[in-house]
Protein chains: 2
Amino acid sequence: MELSWLEDFLTLSNTLNFSRAAELRNLTQPTFSRRIRNLENWLGVTLVDRGTFPASLTAEGRSFRKAAEETVHALYREREQCLQMAGGEASFQSFVTLHTIAVSFFPHWLHTLEGKLGPLRTRMTCATMNDCVENLVSGASNFMLFYAHPSAPLRLDPVQYPSLVVGKERLIPVSAPGRGRKPRHPLLGGGTKPTPYLRYARHTFITRLIDTIIAAQPKPPLLEVRHENALTLSLKVMTMEGHGLTWLPETSIKAELQAGSLVLAGPSEWSLAMEIRAYRSVQRGAREKERIWSLLHESAVD
Amino acid sequence: MELSWLEDFLTLSNTLNFSRAAELRNLTQPTFSRRIRNLENWLGVTLVDRGTFPASLTAEGRSFRKAAEETVHALYREREQCLQMAGGEASFQSFVTLHTIAVSFFPHWLHTLEGKLGPLRTRMTCATMNDCVENLVSGASNFMLFYAHPSAPLRLDPVQYPSLVVGKERLIPVSAPGRGRKPRHPLLGGGTKPTPYLRYARHTFITRLIDTIIAAQPKPPLLEVRHENALTLSLKVMTMEGHGLTWLPETSIKAELQAGSLVLAGPSEWSLAMEIRAYRSVQRGAREKERIWSLLHESAVD
DNA sequence: GCCGATGATGCAGATTTTGCATAGGGCATG
DNA sequence: CATGCCCTATGCAAAATCTGCATCATCGGC
């Protein structure tokens, strides 16, 4: 019996869809199916009724779900506990977030945190949206930092996983400068020639946000996707090199905007203001974790 | 992370000896070592201090042991629960015992049980001594039936695993009949020629008992091992066929003794009276399980 | 009736696990 | 100090398992 089977089952019990769950777990659908079946075989009972649409949990499945949840959490919590013990007093606090936030927001934020709490030993995991959530839910990380915007809510129970606003961010369209500090690749007014566009990889969180921005406008801009990439940092360099236009978190390009190596590529309606939120599990943790959280509470931006 | 790693670790934390624990878990020592290391890698901490003698648990190990124990039990209990649910009202009660007891004692005993409780749906697992204990401890079976004798106590905490005497048994030396209903292969008085002896497989529980019998005598008998076998039933047939002398549980050969196809092969000092005990975990279980246990309490032999 | 979506299955390749043989380290004994 | 014993770790090849791809079977919706 594998821990990952339990996690698979939990994911499935949320989506009630094998293919979707498989994707969330970074597995192919056949593999996922088989792993669920492995779990069922080990138990000796059927957990999921595949005959209905959408699939549904059997009575045993509903009952086992609770136990699986507790078991998974208990194991990760215990692992964290062991690490804490091994690390001694100055134990590591674990964070998980997007690459972008890890680069643009976290380093500075950690400074302000440490300014109030004294030096912290931290561990950071960078991951995709789904993996961030998985990481938090499983207990593998104490805290998650994530963008928050009403147009793209996370699948996360706000009671089980309370959050606090810890910062603000704006997603703004930028380009390398052309003549006279004007954007070389303007979002609008480029005539009939489409503007080269550097896009975030599909199925990522930021793409969902950018799609929201575009969908909110009366006229879609004339863009031609020239490049696709999941790393903000990479897109930023591509943009500075003049490959095209992209949206970037404002904080991550403050210096470049001032220096003029990047310029705003469109009016403010094409920007998106969002929050940066810190999430935690309601499960109580080590003293240090609680200390951090209560500080965040005090200093929360609202 | 594998459930079996947790079980490995629990076994190790009991024996504090990799080789011994590996044997108990039916693994080779290298494999066992690696699995413990896998667990440690997953946790990110060292659980066992190999530097001491005997090996000892680290602080993290001691802490994790509790969690591991709970997790293992929770999972097996939950599995049992699921099976119960799936089986409906008339769920199966699971027993584990030695092959011998399953054949000699259980069938009759179950009748008396059912006489009082009504028909039961039962499941029986036959296993070796170690596996029987594993089975009970892990929660894979509700009840264990086992021989009990002071000379060979089980490694089982009597508080965690209370037991009741449910029957009596005698291990007696028997042989096929020779002339005039005398044993063809007598235990004693065979002159200088050794008596052919059919022995139980080494490392089994019954062998430990028989060794006790022999060790308790002033003079060791003159025996020559002709055959070794872990199955009572098989030894019984071998004995009836006249291959030699062996010790068998009296109940399993009642009919044969009456019919004269087997005869006592030695005086009564060479027999061993023992109890048959039913064990359970203190963990509360399903209603049916509790019903059975309370009946056993009433009807316990003492 | 056809289409898109969903879950199951056959199969080959890749990964992981296992046991055997053996190395290396510590401890007691002569 | 040498020797032998007991313990755990490691190299390696065979075996078992897991995974992904391609494909099939089924079902609901238009």
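We name chains A, B, ... by the order of the sequence lines, and we start the count at 1 in each one.
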query: In whole Å, what is the span from the CD1 atom of Ile36(B) to the P atom of dT17(C)?
result: 14 Å
- request: Examine the base of dG7(C) for any acceptor or donor lying under 3.5 Å from a partner atom in the side chain of Arg34(A), and report the outcome as yes or no.
  value: no
query: Where the side chain of Asn17(B) is concerned, which of dG19(C), dA8(C), dT8(D) is the nearest nucleotide?
result: dT8(D)
statement: From the candidates dC7(D), dG7(C), dC18(D), the one with an atom nearest any side-chain atom of Ser19(A) is dG7(C)
From dG7(C), dG20(D), dT8(D), nucleotide with atom closest to Arg50(A) side chain: dG7(C)
- prompt: What's the CH2-C1' distance between Trp5(A) and dT19(D), to the nearest Å?
  reply: 14 Å
- request: Can you see which heavy atom on Ala201(B) is nearest to which on Ala230(B), and at what distance?
  value: CB-CB, 3.8 Å
Contact under 4.0 Å: Thr31(B) side-chain N or O vs dT17(C) OP1/OP2: no
field: Ion pair check, Arg123(B) and Glu80(B), cut-off under 4.0 Å
entry: yes
query: What is the distance, rounded to the nearest whole Å, between atom CZ of Arg25(B) and atom P of dT17(C)?
result: 15 Å
- prompt: Is any NZ, NE, NH1 or NH2 atom of the basic residue among Arg50(A) and Glu40(A) found under 4.0 Å from an Asp or Glu carboxylate oxygen of the other?
  reply: yes
message: How many whole angstroms separate atom CH2 of Trp42(A) from atom P of dT17(D)?
response: 17 Å
query: Looking at dG19(C), dG7(C), dA9(D), which one has an atom nearest to any side-chain atom of Gln29(B)?
result: dA9(D)
task: Using whole Å, report how far CG of Asn41(B) lies from P of dA9(D).
output: 12 Å
- prompt: Base, sugar-phosphate, or nothing for Arg35(A), non-hydrogen atoms under 4.0 angstrom?
  reply: sugar-phosphate
- prompt: When the distance from CG of Asn38(B) to C1' of dT8(D) is rounded to whole Å, what number comes out?
  reply: 15 Å
message: Over all strands shown, is Ser33(A) touching base, sugar-phosphate only, or nothing at heavy-atom distances under 4.0 angstrom?
response: sugar-phosphate
task: Examine the side chains of Asn41(B) and Arg34(B) and answer whether a donor and an acceptor come within less than 3.5 Å of each other.
output: no
query: Would you find more than 12 non-hydrogen atoms of other residues, nucleotides or ligands less than 6.0 Å from Arg208(B) atom CZ?
result: yes
statement: By nearest-nucleotide position on DNA chain C, the 5'-leaning member of Pro30(B) and Arg37(A) is Arg37(A)
query: If you check every side-chain atom of Phe18(B), which of dG19(C), dT6(C), dT8(D) has the closest atom?
result: dT8(D)
